[in-house]
Student: 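Sending over a structure as structure tokens; questions will come in a sec.
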Amino acid sequence: MSAFHAVTGLVLGMTDIVPQLLDWYGRAQRDLPWRRPEVTPWQILVSEFMLQQTPVARVEPVWLAWIARWPTPSTTAAASPADVLRAWGKLGYPRRAKRLHECATVIATEHDDVVPSDVETLLTLPGIGAYTARAIACFAYRQRVPVVDTNVRRVVARVVHGRADSPASVRDLDDVAALLPDGPDAPQFSVALMELGATVCTARSPRCGVCPLTTCAWRANGFPEATTPVRRTQRYAGTDRQVRGRLLDVLRDNDSPVPRAQLDLAWLSDTAQRDRALDSLLVDGLVEQTADGRFALAGEGE
DNA sequence: AACACGTGGGC
DNA sequence: TGCCCAAGTGT
């Protein structure tokens, strides 16, 4: 087969992706609360923060309670960091909660309580990076911008490039931009791409039997294994991260400052590590020390 | 450009 | 069990 034909076949196949994916999404999409039409850009932003590295199933109940309590940036900004950290609960990576609170403050005070709609401005906000900025522009403001998360990256690696997966690359945006349909379907296409990666074209056991796409370079190539070894996942047991988690757990459970001795109970095996973890929580602004030397969640009592 | 940063479910 | 993975960001 000539290179020309190979390329032509690829291009024709790619154009079919749009209707196939949109049709599939129309019947197979999950009913996620942040996708409902009445949800505001701010509430979508909150969902995106929570979904950074955290599964949908764990986010859902927390998001529901959160937006009922703090529906806007200004109401969120008015809450204390301690209350925000508590509402975040055990979603993980509590620095995200801190940044969400900071993000609310900036939007409330500098953007008239309105979430910015352009990617450029969104990128200046705390906790918002390349993915989240585009997700908000696309899902909240219906803009035709490529949205690349881990799901999209994997689907494109497989369907377009015939590889099992691919590491993040500066070319990801161009790859996805090339697939994006013109007109109002672009945002729907992007969610559909993510949805396919999340529910069908999954990392572990892809369900190719129910895939709506008739053209897939990975399948055509015989499902080759990943060539670039995945970076070793970081251990968790025994790390500072685990210690920080234990410490925060104690603080979330106490709405008044706790003495050092009580915190020490949370990690007995390595006192130096415990001190280091506590110090890092203070540095991150997640924890504060009171005048009498006790410890509390940041802004406790505000 | 690696690495730190939580937590829990699945296999 | 222990490892993999989950809508990433900041340094």
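Throughout, a chain's letter reflects where its sequence line sits, starting with A, and its residues are numbered from 1.
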Student: Can you find a heavy atom in the side chain of A:P206 that is under 4.5 Å from one in the side chain of A:W218?
Tutor: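 A:P206 reaches A:W218 side chain to side chain.
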
Student: Nearest whole angstrom, please: distance from the P of C:dC4 to the CG of A:D165.
Tutor: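 Roughly 14 Å, once rounded to whole Å.
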
Student: Answer with base, sugar-phosphate or nothing: what part of the nucleic acid does A:L247 contact at a heavy-atom distance below 4.0 Å?
Tutor: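 Nothing, no nucleic acid heavy atom in range.
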
Student: Can you find a heavy atom in the side chain of A:W88 that is under 4.5 Å from one in the side chain of A:K98?
Tutor: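 No; the side chains remain at least 4.5 Å from each other.
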
Student: With a 3.5 Å cut-off and just heavy-atom distances, do the side chain of A:T54 and the base of B:dG6 make a donor-acceptor pair?
Tutor: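 Side chain to base: pair found, below 3.5 Å.
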
Student: Under 4.0 Å from OP1 or OP2 of C:dT9: is there any side-chain N or O of A:T132 that close?
Tutor: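 Indeed, a polar side-chain atom of A:T132 lies that close.
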
Student: Rounded to whole angstroms, how far apart are CG on A:L123 and P on C:dT9?
Tutor: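 Checked: the CG to P distance equals 9 Å.
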
Student: Whole Å only: how far is the CZ atom of A:R134 from the P atom of C:dT9?
Tutor: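 Spelled out: CZ on A:R134 to P on C:dT9 is 10 Å.
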
Student: Please state whether the phosphate of B:dG6, meaning OP1 or OP2, lies under 4.0 angstrom from any side-chain nitrogen or oxygen of A:R235.
Tutor: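 It does not, given that no N or O in the side chain of A:R235 lies less than 4.0 Å from OP1 or OP2 of B:dG6.
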
Student: When you get a sec, tell me which of C:dA7, B:dC5, B:dT7 is the closest nucleotide to the side chain of A:R252?
Tutor: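 Nucleotide nearest to A:R252's side chain: B:dT7.
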
Student: Mind checking if A:A135 touches a base, just sugar-phosphate, or nothing, with heavy atoms under 4.0 Å?
Tutor: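 Answer is nothing: A:A135 stays at 4.0 Å or more from every strand.
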
Student: Once you apply a heavy-atom cut-off of 4.0 Å, does A:R58 come out as touching a base, just sugar-phosphate, or nothing?
Tutor: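 Answer is base: heavy atoms of A:R58 come under 4.0 Å of a base.
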
Student: Do A:D255 and A:R86 sit within salt-bridge range, that is, some charged N less than 4.0 Å from a carboxylate O?
Tutor: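 Salt bridge absent between A:D255 and A:R86.
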
Student: Over all strands shown, is A:D240 touching base, sugar-phosphate only, or nothing at heavy-atom distances under 4.0 angstrom?
Tutor: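 A:D240: backbone/sugar contact only, no base atoms under 4.0 Å.
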
Student: Could you state the atom-to-atom distance from CD of A:E60 to C1' of C:dA6 in whole Å?
Tutor: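 Interatomic distance, CD of A:E60 to C1' of C:dA6: 15 Å.
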
Student: Output the rounded distance in Å from CZ (A:R241) to P (B:dC3).
Tutor: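 Going from CZ in A:R241 over to P in B:dC3 covers 13 Å.
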
Student: Looking at every strand, decide which applies to A:Y236 at a 4.0 Å heavy-atom threshold: base, sugar-phosphate, or nothing.
Tutor: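 The residue A:Y236 makes base contact.
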
Student: Going by the side-chain contact (heavy atoms from CB on, under 4.5 Å) test, name the single residue among A:L263, A:D264, A:L265 that passes it with A:V250.
Tutor: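 Considering A:L263, A:D264, A:L265, a side-chain contact (heavy atoms from CB on, under 4.5 Å) with A:V250 is found only for A:L263.
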
Student: Compare side-chain N and O positions of A:Y93 against OP1 and OP2 of B:dT7 and report whether any pair is under 4.0 Å apart.
Tutor: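 Result: no.
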
Student: Under 4.0 Å, heavy atoms only, any strand: does A:R154 hit a base, just the sugar-phosphate, or nothing?
Tutor: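 Sugar-phosphate only.
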
Student: Of A:D249 and A:R204, whose closest DNA chain B nucleotide lies nearer the 5' terminus?
Tutor: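 Taking each residue's closest nucleotide, the earlier one in sequence belongs to A:D249.
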
Student: What is the nucleic acid contact for A:G92, judged by heavy atoms within less than 4.0 Å: base, sugar-phosphate only, or nothing?
Tutor: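 Base contact - A:G92 has a heavy atom under 4.0 Å of at least one base atom.
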
Student: Quick one: on DNA chain C, does A:R99 or A:F139 contact a more 5' nucleotide (nearest heavy atom)?
Tutor: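 The answer here is A:F139.
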
Student: So, OP1 or OP2 of C:dG8: does either fall under 4.0 Å of a side-chain N or O from A:Q52?
Tutor: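 So the side chain of A:Q52 is outside the cut-off, no N or O lying under 4.0 Å from OP1 or OP2 of C:dG8.
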
Student: Could you pick out which residue, A:I128 or A:V56, lies toward the 5' side of DNA chain C when each is mapped onto its nearest nucleotide?
Tutor: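 Closer to the 5' end of DNA chain C: A:V56.
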
Student: Which part of the nucleic acid, if any, lies within contact of A:A130, taking any heavy atom under 4.0 Å across all strands shown: a base, the sugar-phosphate backbone alone, or nothing?
Tutor: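 Touches sugar-phosphate only.
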
Student: With rounding to the nearest 0.5 Å, note down the distance linking CG in A:L251 to CD in A:E300.
Tutor: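 So the CG of A:L251 and the CD of A:E300 are separated by 8.0 Å.
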
Student: Rounding to the closest angstrom, what is the interatomic distance between B:dA4 and C:dA7 at atom P?
Tutor: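 To the nearest whole Å, 23 Å.
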
Student: Scan A:T150 against the nucleic acid and name what it touches under 4.0 Å (heavy atoms): base, sugar-phosphate only, or nothing.
Tutor: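 Counting heavy atoms under 4.0 Å across all strands, the contact made by A:T150 is with sugar-phosphate only.
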
Student: A side-chain contact here means heavy atoms from C-beta on lying under 4.5 Å apart; do A:W66 and A:L100 qualify?
Tutor: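 Yes; the side chains approach each other to less than 4.5 Å.
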
Student: Students often get this wrong, so: under 4.0 angstrom with heavy atoms, is A:W34 touching a base, only sugar-phosphate, or nothing?
Tutor: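 The residue A:W34 makes base contact.
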
Student: To the nearest angstrom, how far is A:L122 atom CG from C:dG8 atom P?
Tutor: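 Taking atom P of C:dG8 as the reference, CG of A:L122 is at 17 Å.
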
Student: Contact class for A:A198 (heavy atom, under 4.0 Å): base, sugar-phosphate, or nothing?
Tutor: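 The answer is sugar-phosphate, as A:A198 gets under 4.0 Å only of primed atoms, P, OP1 or OP2.
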
Student: For the C1' atoms, the ones on C:dT9 and on B:dA1, what distance do you get once it is rounded to whole angstrom?
Tutor: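 The answer is 14 Å between these two C1' atoms.
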
Student: So if I take every side-chain heavy atom of A:R95 and compare against B:dG8, C:dA7, B:dA4, which nucleotide ends up nearest?
Tutor: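 Shortest atom-to-atom distance from the side chain points to B:dA4.
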
Student: In whole angstroms, how far is the P atom of C:dG10 from the CD atom of A:Q53?
Tutor: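 My rounded result for the distance is 13 Å.
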
Student: Indicate yes or no for a side-chain donor-acceptor contact from A:N221 to the backbone of A:P224 under 3.5 Å, with no hydrogens or angles considered.
Tutor: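 It does not hold such a pair.
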
Student: What's the CZ-C1' distance between A:R96 and C:dG10, to the nearest Å?
Tutor: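 These atoms are roughly 14 Å apart.
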
